[in-house]
Amino acid sequence: MEKINTLKPDYKVMRMILNQTMRMNGSRATSAVTVKFILQYLLYAIATVPSMLGIMSGRIGLSTILLSPVLILAVSIVDQILDYGMRVTFSRMIEKREATLSHLFSGFRDRSKKVLKVALAMTVLAVIVVSAVSFATWKILGATGMLSFDSDAVENGAEVMQKLWTSSTVLSGVIGVTLFIIKIPFVYIWLVVYRRGDLGVFRALRISAGLLFGQFFRFVGFVFYAAGREIGIWIAMMVLGNIFSQMDSSSMLTVFAGLISFLQLLQQIRVLIKLNFVTPVYFYSMTGILEVHVSEYSKDETLEIPSANVDESDCDSETEIRPEIDLNPESEKLSGTDSQTETEVDTENDSSDHLGSES
């Protein structure tokens, strides 16, 4: 078991870094999240076109049944490559470096083979787990009678449709929750790949999982500490929108429901912006990339964020300059905030490997 030294970053300092970075990069962050959101929606919509056309025409053949899942898997891989681009974009903002929309597509040109391999590995894992969970859920629904229809029920089309709708809703919800749970251990994976492209795929996945579970509750606490209000407002809007959508339709209620849906979309983008900043801020603070001290801040949050340590003399003109990160267990303690203390995260592999800057 390899021991990776990390820090317990201070919430207040990280929130100051987060707020200042958001003020300095608000428009660029909004553009990146909006473009990613639109591309994600369009790609998955295109992937479902064959099945929708088959249903509308009443001709659902074997090719249609097979094509849609293949397209969805392909779109999932592309979506994950775009996720890498999002991590690169927001990390560069925290590093106080140039970050443009072009960096959103960096996964297609920067370390494209490594990014593709990681995306494929995560997709295969998701397919295996989701298939097993879906099969178990389908069996449970069958055992409860949700998928059995007698002759009277078949004649009553409304009852059949109600059962099918309920079953599909339950199955979709289970799949959604399963995909979310699968992604949790690998929340740092694209940051690890960005920092160390020379690591193997499974090595990077193990490091990501080790870093998260070493400080899981502390990280979750920071997510709610920094973005809890935005997440709460977004959930409240979703609940309110569902309530109005189920009421008797009238001109005023329809307009109000539409307004709530629009505001919910805007709030969702705000939440995504905050979360895309929260993860790299915590990762950079936990690993000591940003050597920030409480004394460098005051109540006046207009103070400039200290740049991450970069020695440009060690890099040639073709090498991307990145702040130094060292998780070597044999190295000295990483410096952090005055209130930070050192903790250890266990991951498996050769202790000679460590997370460091690329030359």
Could you pull out all residues at least two apart from Ser112 that satisfy side chain to side chain contact (heavy atoms under 4.5 Å, CB included)?
none
Hey, does the side chain of Ser208 reach the backbone of Ala204 with a donor-acceptor pair shorter than 3.5 angstrom?
no
Do you know the tightest heavy-atom contact between Leu7 and Gln215?
O-NE2, 2.6 Å
Taking the side chain as C-beta and beyond, is there a heavy-atom pair between Ile273 and Met22 under 4.5 Å?
yes
With rounding to the nearest 0.5 angstrom, report the CZ to CD1 distance, Arg206 to Ile189.
11.0 Å
Quick one: hydrophobic cluster around Val124, which other residues, with the 4.5 Å side-chain cut-off, linked directly or via members?
Ile128
Which residue pairs pass the side chain to side chain donor-acceptor pair (under 3.5 Å) test with at least one member in residues 169-184, sequence neighbours excluded?
none
Flag, side chain of Arg218 to backbone of Pro9, donor-acceptor distance under 3.5 Å
yes
To check you understand the geometry: which heavy-atom pair defines the closest contact between Thr100 and Ser102, and what is its length?
OG1-OG, 2.6 Å
Membership question, hydrophobic clusters at under 4.5 Å side-chain separation (ILVMFWY): are Val271 and Ile38 in the same one?
no
What's the spacing between Ile207 CD1 and Thr287 OG1 if we round to 0.5 Å?
11.5 Å
Side-chain touch Ser91/Trp190, heavy atoms, less than 4.5 angstrom
no
Can you give each donor-acceptor pair under 3.5 Å made by side-chain atoms of residues 220-238, sequence neighbours left out, with the distance rounded to 0.1 Å?
unit_1	atom_1	unit_2	atom_2	d
Glu230	OE2	Lys274	NZ	3.1

Applying side chain to side chain contact (heavy atoms under 4.5 Å, CB included), name anything that partners Ile81, two or more places apart in sequence or on another chain.
Ile77, Phe108, Val115, Leu116, Ala119
Residue set satisfying ring pair (Phe, Tyr, Trp, His ring centres under 6.0 Å) with Phe277, at least two apart, ordered chain then number -> Phe90
With a 3.5 Å cut-off and sequence neighbours excluded, list the donor-acceptor pairs that the side chains of residues 42-50 form with protein atoms.
unit_1	atom_1	unit_2	atom_2	d
Thr48	OG1	Tyr44	O	3.4
Thr48	OG1	Ala45	O	2.8

Show every side chain to side chain donor-acceptor pair (under 3.5 Å) that has at least one partner inside residues 259-269, sequence neighbours left out.
none
Show me the pairs that pass side chain to side chain donor-acceptor pair (under 3.5 Å) and involve residues 118-128, at least two apart or across chains.
Gln80-Thr123
Of all the heavy-atom pairs spanning Ser106 and Gly85, show the shortest one and how long it is.
OG-CA, 3.8 Å
To check you understand the geometry: which heavy-atom pair defines the closest contact between His103 and Glu98, and what is its length?
CE1-O, 3.5 Å
Angle between ring planes, Tyr282 versus Phe219, binned at 30° and 60°: parallel, tilted or perpendicular?
perpendicular
Using every non-hydrogen atom in the two residues, find where Ala126 and Ile182 come nearest and quote the distance to one decimal.
CA-CD1, 3.8 Å
Could you name each residue pair satisfying salt bridge (Lys or Arg N to Asp or Glu O under 4.0 Å) that touches residues 24-41, not counting sequence neighbours?
Lys36-Asp79, Lys36-Asp83
State which residues pass ring pair (Phe, Tyr, Trp, His ring centres under 6.0 Å) with Phe186; sequence neighbours excluded, sorted by chain then number.
none
To the closest 0.5 Å, what do you measure between OG1 (Thr34) and CD1 (Ile269)?
4.0 Å
Within a strict 4.5 Å, meaning less than it, do heavy atoms of the Ser134 and Leu171 side chains meet?
yes
Do Phe202 and Val118 share a hydrophobic cluster (ILVMFWY, side-chain heavy atoms under 4.5 Å, transitive)?
yes
How far does CG of Asp10 sit from CE of Met16, to the nearest 0.5 angstrom?
8.0 Å
Is there a donor-acceptor pair under 3.5 Å between the side chain of Thr137 and the backbone N or O of Val133?
yes
Where is the tightest heavy-atom contact between Met86 and Ala32, given as atom of each residue plus distance?
SD-O, 3.8 Å
Leu125-Leu179 co-clustered via ILVMFWY side chain contacts under 4.5 Å:
yes
Can you measure from CZ (Phe37) to OG1 (Thr30) and round to the nearest 0.5 angstrom?
13.5 Å
Can you get from Val35 to Leu272 by hopping between Ile, Leu, Val, Met, Phe, Trp and Tyr side chains that sit under 4.5 Å apart?
yes
Ser31 meets the side chain to side chain contact (heavy atoms under 4.5 Å, CB included) criterion, sequence neighbours left out, with Leu101
Would you call Val192 and Phe283 a side-chain contact if the rule is heavy atoms closer than 4.5 Å?
yes
Working to the nearest 0.5 Å, report the span between OH of Tyr188 and CG of Leu205.
15.0 Å
Report whether Leu104 and Tyr41 are members of the same hydrophobic cluster (ILVMFWY, side-chain heavy atoms less than 4.5 Å apart, transitive linking).
no
